[in-house]
Colleague: 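The structure under discussion is supplied below as C-alpha cells; questions concerning it will follow.
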Amino acid sequence: MDPTTKSGLILPGRCVTASEIRRAGTTRIAGYLDRHGVSKQALADAPVNSAQAHRVAPPGQRRTAELIRELADELAADKARLKALEDETEQLDTAHPVGPSSAAWREVGAGLPDGG
C-alpha cells in the first residue's frame with residue numbers, strides 16, 4: 001500500500017495487523033474501502049493474501065498497530081484539509097480580478113530551488 005495516496009491510508013485506519021486483516025477478510029475489507037470511496041478489489045485482496053502468510057505476532061504489535069492507525073487517520077485528515085485549502089484558494093483566485101496572474105506566480109514559485 002502507498003501511504004501517499006488516499007486509498008493507501010484508508011485500510012491502515014482500521015486494520016493493521018495480519019490477524020486483524022485475516023479476521024476482517026476480503027469481503028469486509030472491500031466493503032470498508034468502498035464506503036470510503038475506494039472501489040478497487042485488488043486493494044482488498046492484496047492485504048488478505050499477505051496476511052494469510054504471516055502468523056507470528058511480534059512483541060509490541062498491538063501498540064504499533066494503534067500508532068499506525070492514529071497516524072493514518074491524521075494523515076488522511078491533513079490531506080483532506082490541504083485539498084480543501086487548495087480548492088478555496090482556487091476559488092479565490094478565480095473570483096479575484098488578478099486571479100489568473102496570482103495562479104501564474106504560484107507556478108513560478110513551485111519551480112524555485114527551495115520550492116517557493
Side-chain angles (χ1 to χ4, degrees):
M1 290 201 264
D2 182 358
T4 63
T5 65
K6 178 184 175 186
S7 60
L9 294 172
I10 299 297
L11 185 59
R14 172 148 182 161
C15 297
V16 177
T17 67
S19 63
E20 291 171 339
I21 292 169
R22 281 193 307 272
R23 202 172 319 121
T26 304
T27 304
R28 282 193 197 123
I29 289 174
Y32 178 76
L33 293 173
D34 191 48
R35 285 189 303 278
H36 287 83
V38 179
S39 59
K40 296 179 182 173
Q41 183 65 35
L43 290 176
D45 292 335
V48 173
N49 293 338
S50 178
Q52 294 301 335
H54 293 82
R55 299 287 176 174
V56 176
Q61 175 178 308
R62 183 173 296 158
R63 181 62 184 135
T64 302
E66 290 171 5
L67 290 171
I68 290 170
R69 271 189 282 278
E70 290 172 16
L71 291 172
D73 290 344
E74 289 174 15
L75 187 54
D78 289 346
K79 288 177 80 82
R81 177 69 177 136
L82 182 58
K83 175 69 174 130
L85 289 171
E86 288 172 348
D87 292 346
E88 182 180 345
T89 301
E90 181 73 26
Q91 289 174 353
L92 291 171
D93 282 348
T94 303
H96 196 278
V98 293
S101 63
S102 63
W105 280 112
R106 275 199 313 279
E107 291 176 17
V108 169
L112 295 175
D114 67 356

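Numbers for residues simply follow the sequence, beginning at 1.
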Colleague: So do the side chains of L82 and K79 get within less than 4.5 Å of each other, counting heavy atoms only?
Modeller: no

Colleague: So do D87 and E90 actually touch side chain to side chain, heavy atoms under 4.5 Å?
Modeller: no

Colleague: I'd like to know if Y32 and V16 are part of one continuous hydrophobic network [Ile/Leu/Val/Met/Phe/Trp/Tyr, side-chain heavy atoms within less than 4.5 Å].
Modeller: no

Colleague: Only pairs at least two apart or in different chains count here, so list each salt bridge (Lys or Arg N to Asp or Glu O under 4.0 Å) that has a residue in residues 44-59.
Modeller: none

Colleague: Rounded to the nearest 0.5 Å, what's the gap from CD1 on I29 to CG on L33? Could you check?
Modeller: 7.0 Å

Colleague: Compare all side-chain heavy atoms of R28 with those of R14 and state whether any distance is below 4.5 angstrom.
Modeller: no

Colleague: Testing the basics here: between A51 and A18, what is the closest heavy-atom pair and its distance to 0.1 Å?
Modeller: CB-O, 3.5 Å

Colleague: Between R69 and D73, is there a salt bridge with N-O shorter than 4.0 Å?
Modeller: no

Colleague: Could you grab the distance from atom CD of E66 to atom OG1 of T17, nearest 0.5 Å is fine?
Modeller: 11.0 Å

Colleague: Roughly how far, to the nearest 0.5 Å, is CG of L75 from CD1 of I68?
Modeller: 13.0 Å

Colleague: Hey, is the main chain of L85 close enough, under 3.5 Å, to the side chain of T89 for a donor-acceptor pair?
Modeller: yes

Colleague: Roughly how far, to the nearest 0.5 Å, is CD of E88 from CZ of R81?
Modeller: 7.0 Å

Colleague: With the side chain counted from C-beta on, respond yes when S19 and Q61 share a heavy-atom pair under 4.5 Å apart, and no when they do not.
Modeller: yes

Colleague: So which heavy atom on A72 is nearest to which on L9, and how close?
Modeller: CB-O, 3.8 Å

Colleague: Looking only at non-hydrogen atoms, find the nearest pair between L11 and P47 and report the distance.
Modeller: CD2-CG, 3.5 Å

